[in-house]
Enquirer: 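Here it is: the structure, laid out below.
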Amino acid sequence: MGYIHCCGALHKTKTYCLAPQENFVLCEIDYLSKCPICGHTVIQLTRVDNNNNISTIRKTTKKAKEFFNKLKNKILYEIRPINYGIVNINKFYLNYNEFGIKKRCYSNLKTLKIGKFENNYM
């Protein structure tokens with residue numbers, strides 16, 4: 001999922017991968033169907049050539065819709081972000097208190113003061 005800068009803010013867009021044209025390694029389109037602020041349609045074509053030079057073409061409103069319809073048949077697939085979902089949670093529990101003595105009962109780990117020493121000079 002890409003972003004397009006319009007009306008002073010970044011807006012999430014649909015990103016499509018195109019079949020590379022000659023002399024280009026990578027071609028991608030970012031398509032914003034409607035800006036939530038101004039209501040314009042915005043499209044941005046980003047291409048990378050063999051020398052790693054990046055070129056961009058940006059069109060808005062009616063020209064953007066015509067440009068997208070022109071490039072529709074060259075779209076290979078839509079790039080979708082990876083959904084990481086729930087990550088495995090570690091169930092590690094520290095059985096010793098801050099003085100190195102084995103705990104007799106479970107307590108909250110937030111109350112532990114590991115590394116604190118008693119200071120008689122205070």
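In this text the structure is predicted, and so the values were computed from the model without any measurement.
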Enquirer: Side-chain contact test, heavy atoms from C-beta onward, threshold under 4.5 Å: evaluate it for Ser33 versus His40 and give yes or no.
Expert: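 Not in contact.
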
Enquirer: Indicate the atoms forming the closest heavy-atom contact of Tyr31 with Ile4, along with that distance.
Expert: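 Where Tyr31 meets Ile4 most closely, the heavy atoms are N-CD1, 4.5 Å.
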
Enquirer: Is there a side-chain contact between Tyr16 and Asp30 in this structure, where contact means two heavy atoms from C-beta onward sitting under 4.5 Å apart?
Expert: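 No, side chains not in contact.
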
Enquirer: What residues, two or more places apart in sequence or in another chain, satisfy salt bridge (charged side-chain N to carboxylate O under 4.0 Å, His left out) together with Glu28?
Expert: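 Salt bridge (charged side-chain N to carboxylate O under 4.0 Å, His left out) check on Glu28 returns nothing, list empty.
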
Enquirer: For a side chain to side chain contact (heavy atoms under 4.5 Å, CB included) check, start with the C-alpha distance between Val25 and Asn50, then their side-chain angles and the critical distance, and finish with the verdict.
Expert: CA-CA 6 Å; Val25 178; Asn50 297 331; 3.3 Å; yes

Enquirer: Any side-chain heavy atom of Arg47 sitting closer than 4.5 Å to one from Leu45?
Expert: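 The answer is yes; the side chains approach within 4.5 Å.
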
Enquirer: Closest heavy-atom contact between Gly2 and Thr15?
Expert: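 Closest approach of Gly2 to Thr15, heavy atoms only: N-OG1, 2.8 Å.
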
Enquirer: Would you mind reporting whether Lys34 and Thr41 have side-chain heavy atoms less than 4.5 Å apart?
Expert: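 They are not in contact (no side-chain heavy atoms under 4.5 Å apart), so the answer is no.
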
Enquirer: Working to the nearest 0.5 angstrom, can you tell me the gap between Ile43 CD1 and Asn69 CG?
Expert: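 So the CD1 of Ile43 and the CG of Asn69 are separated by 9.0 Å.
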
Enquirer: Flag the pair Asn52 / Val48 as yes when at least one side-chain heavy-atom distance between them is below 4.5 Å, and no otherwise.
Expert: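 Sidechains of Val48 and Asn52: in contact.
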
Enquirer: Quick check: closest heavy atoms across Thr13 and Tyr3, and the distance to 0.1 Å?
Expert: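 Closest heavy-atom pair between Thr13 and Tyr3: OG1-N, 3.8 Å.
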
Enquirer: Please round to the nearest 0.5 Å and tell me the distance separating atom CZ of Phe68 and atom NZ of Lys14.
Expert: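 These two atoms lie 8.0 Å from each other.
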
Enquirer: Indicate yes or no: at least one non-hydrogen side-chain atom of Leu18 is less than 4.5 angstrom from one of Ile29.
Expert: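 Answer yes - side chains close enough.
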
Enquirer: Could you list all the salt bridge (Lys or Arg N to Asp or Glu O under 4.0 Å) pairs where at least one residue sits in residues 64-78, not counting sequence neighbours?
Expert: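 Non-adjacent pairs meeting salt bridge (Lys or Arg N to Asp or Glu O under 4.0 Å): Glu78-Arg80.
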
Enquirer: If hydrophobic clusters are built from ILVMFWY residues whose side chains come within less than 4.5 Å, do Leu26 and Leu76 share one?
Expert: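 Unlinked, Leu26 and Leu76 end up in two clusters.
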
Enquirer: Under a 4.5 Å cut-off applied to non-hydrogen side-chain atoms, are Cys27 and Cys17 in contact?
Expert: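 Cys27 vs Cys17: side chains apart.
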
Enquirer: Where do Cys6 and His11 come nearest, in terms of heavy atoms and distance?
Expert: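 Nearest heavy atoms, Cys6 then His11: O-NE2, 3.1 Å.
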
Enquirer: Taking all non-hydrogen atoms of both residues into account, name the closest pair between Thr46 and Ile54 and its distance.
Expert: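 Reported closest heavy-atom pair: CG2-CG2, 3.9 Å.
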
Enquirer: If only atom types and distance count, is the side chain of Asn51 paired as donor or acceptor with the main-chain N or O of Asn53 below 3.5 Å?
Expert: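 Judged by distance alone, no pair lies under 3.5 Å.
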
